[in-house]
Engineer: 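Once you've had a glance at the structure underneath, I'll fire off some questions.
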Amino acid sequence: MIYIVTHNDLDGVASAAIYLSLARKYFVNEKAEIHFVEPSGLLNLLQKSMKINENSVIAFMDLGMNESILPELSRYLSSLSTKNIITEWYDHHVWSDKWIEALSSVGVKIFVDQSTCGAGVVYRYSFPGVEREECHSILVEAVCGADLWLWDNPLAPLLYRA
């Protein structure tokens, strides 16, 4: 099972779409759930709403990190590693080395790249070796144009309004 936990904005939706598209090529016929959340609701979602199966993948994207939840989040994610659950985090927000070290130490694979939007991080770092499609790069360019307030892509304002 693949669990995608992402921000409920344009960048989060695009991140999930790209991840799921690539995952379908990597994990053929694997079921998936997508959970949209505000960063402030992440712990509540994980602890109360989600039932994560063993031998699964959970991928967080475009959520940033809130230092106040880091200790509790670390404990929770550490408990997942004992159930053979792969945990990944894709983000473009500012992360301190302390946060990266705390989550990495409990087995989370962290991909942070501030040169792009969340969808760009997923596009660049998820599923290495899996072929990207032209529509992936078109979506990343448009979403980054809106999310980073560059407005350098004609699709950016259209997607932003949608």
Side-chain angles (χ1 to χ4, degrees), residues 1-46 49-50 52 56-70 73 77 85-100 102-104 108-162:
M1 182 71 156
I2 301 166
Y3 300 90
I4 298 171
V5 179
T6 188
H7 195 203
N8 58 1
D9 66 357
L10 173 62
D11 194 20
V13 171
S15 297
I18 292 168
Y19 188 91
L20 187 56
S21 175
L22 296 173
R24 292 282 188 233
K25 294 178 178 187
Y26 190 83
F27 299 109
V28 178
N29 297 322
E30 190 71 31
K31 293 181 182 178
E33 288 182 8
I34 301 175
H35 298 269
F36 297 99
V37 65
E38 285 291 326
S40 61
L42 179 58
L43 270 178
N44 187 52
L45 171 72
L46 292 172
S49 301
M50 289 181 65
I52 301 172
S56 295
V57 174
I58 182 168
F60 300 93
M61 46 200 72
D62 191 37
L63 287 169
M65 176 50 61
N66 182 338
E67 189 165 8
S68 67
I69 69 165
L70 184 60
L73 181 63
L77 295 178
I85 295 171
I86 297 168
T87 309
E88 305 168 337
W89 201 303
Y90 301 89
D91 207 354
H92 69 110
H93 297 98
V94 175
W95 278 63
S96 75
D97 291 340
K98 173 185 167 184
W99 303 343
I100 293 171
L103 293 185
S104 294
V108 179
K109 298 174 187 172
I110 300 174
F111 305 91
V112 175
D113 184 342
Q114 293 176 313
S115 72
T116 187
C117 62
V121 177
V122 170
Y123 176 78
R124 287 180 185 169
Y125 300 101
S126 67
F127 303 103
V130 173
E131 185 179 347
R132 274 53 177 159
E133 298 176 24
E134 185 179 4
C135 64
H136 295 141
S137 61
I138 291 169
L139 182 60
V140 166
E141 289 176 24
V143 169
C144 288
D147 195 67
L148 302 175
W149 291 83
L150 301 172
W151 308 111
D152 56 352
N153 183 292
L155 292 174
L158 299 172
L159 289 176
Y160 185 77
R161 281 190 291 260

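All values below come from the heavy atoms of this structure, side chains included, with hydrogens, waters and symmetry mates left out. One is the number of the first residue; the rest follow in order along the sequence.
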Engineer: Nearest heavy-atom pair of Asp91 and Met65: which atoms, and what distance?
Structural biologist: OD2-N, 4.4 Å
Engineer: Which pair of heavy atoms, one from Gly145 and one from Ala156, lies closest together, and at what distance?
Structural biologist: C-CB, 3.9 Å
Engineer: Can you see whether Ser21 engages Arg132 through a side-chain donor-acceptor pair at a distance of less than 3.5 angstrom?
Structural biologist: no
Engineer: Locate the shortest heavy-atom distance separating Leu63 from Val37; write the atom from each residue and the value.
Structural biologist: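 Here Leu63 and Val37 meet closest at CD2-O, 3.7 Å.
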Engineer: Looking only at non-hydrogen atoms, find the nearest pair between Leu70 and Ala102 and report the distance.
Structural biologist: CD2-CB, 4.0 Å
Engineer: Give the intermediate values and the outcome of side-chain contact (heavy atoms from CB on, under 4.5 Å) for residues Tyr3 and Met50.
Structural biologist: CA-CA 9 Å; Tyr3 300 90; Met50 289 181 65; 3.8 Å; yes
Engineer: Step through it carefully: locate the ring centre of Tyr160, locate the ring centre of Trp149, and say whether they are under 6.0 Å apart.
Structural biologist: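 Yes, the ring of Tyr160 comes within the 6.0 Å limit of the ring of Trp149, centre to centre.
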Engineer: Can you measure from CD (Glu67) to OG (Ser96) and round to the nearest 0.5 angstrom?
Structural biologist: 6.0 Å
Engineer: If I take atom CG from residue Leu43 and atom OG from residue Ser49, how far apart are they, to the nearest 0.5 angstrom?
Structural biologist: 11.5 Å
Engineer: Between Tyr125 and Asp113, is any side-chain donor less than 3.5 angstrom from a side-chain acceptor?
Structural biologist: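 Yes - a donor-acceptor pair under 3.5 Å links their side chains.
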Engineer: Determine, stepwise, if the pair Glu33 / Ile4 fulfils side-chain contact (heavy atoms from CB on, under 4.5 Å).
Structural biologist: CA-CA 6 Å; Glu33 288 182 8; Ile4 298 171; over 6 Å; no
Engineer: Should Thr116 and Val121 be marked as a side-chain contact (heavy atoms from CB on, under 4.5 Å) after you check the CA-CA gap, both sets of side-chain angles, and the distance that decides it?
Structural biologist: CA-CA 7 Å; Thr116 187; Val121 177; 3.7 Å; yes
Engineer: Look up atom CG in Leu10 and atom CG in Asp147, then write down how far apart they are to the nearest 0.5 Å.
Structural biologist: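 These two atoms lie 7.0 Å from each other.
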Engineer: Hey, what do you get for NE2 (His92) to OG (Ser115), rounding to the nearest 0.5 Å?
Structural biologist: 11.0 Å
Engineer: Thr87 side chain to Val108 main-chain N or O, any donor-acceptor pair under 3.5 Å?
Structural biologist: no
Engineer: What distance do Leu73 atom CG and Asn66 atom CG have between them, rounded to the nearest 0.5 Å?
Structural biologist: 9.5 Å
Engineer: With the side chain counted from C-beta on, respond yes when Leu42 and Asn44 share a heavy-atom pair under 4.5 Å apart, and no when they do not.
Structural biologist: no
Engineer: Is a side-chain N or O of Thr6 found less than 3.5 angstrom from the main chain of Met61, in a donor-acceptor match?
Structural biologist: yes
Engineer: Are Tyr19 and Glu88 linked by a side-chain donor-acceptor pair shorter than 3.5 Å?
Structural biologist: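 Judged by distance alone, the side chains do pair up.
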Engineer: So how far is it from Leu77 CG to Ile85 CD1, rounded to the nearest 0.5 Å?
Structural biologist: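 So the CG of Leu77 and the CD1 of Ile85 are separated by 10.0 Å.
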Engineer: Hey, does the side chain of Ser126 reach the backbone of Val122 with a donor-acceptor pair shorter than 3.5 angstrom?
Structural biologist: yes
Engineer: Hey, mind stepping through Asp152 and Glu141 against side-chain contact (heavy atoms from CB on, under 4.5 Å) and telling me if it holds?
Structural biologist: CA-CA 9 Å; Asp152 56 352; Glu141 289 176 24; over 6 Å; no
Engineer: Closest approach of Gly64 and His93, non-hydrogen atoms and distance?
Structural biologist: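 Looking at all heavy atoms of both residues, the closest pair is N-ND1, 3.5 Å.
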Engineer: Quick check, are the ring centers of Trp89 and Trp95 under 6.0 angstrom apart?
Structural biologist: yes
Engineer: Please report the closest heavy-atom contact between Gly118 and Asp11, naming both atoms and the distance.
Structural biologist: N-OD2, 2.8 Å
Engineer: Taking distance alone, no hydrogens or angles, what donor-acceptor pairs closer than 3.5 Å link side-chain atoms of residues 22-32 to residues at least two apart or in another chain?
Structural biologist:
from  : atom 1 : to     : atom 2 : distance (Å)
Arg24 : NH1    : Glu30  : O      : 2.4
Lys25 : NZ     : Glu131 : O      : 2.9
Lys25 : NZ     : Glu133 : OE2    : 2.9
Glu30 : OE2    : Met1   : N      : 2.2

Engineer: Determine whether Leu159 and Leu139 make a side-chain contact, defined as any pair of heavy atoms from C-beta on separated by less than 4.5 Å.
Structural biologist: yes
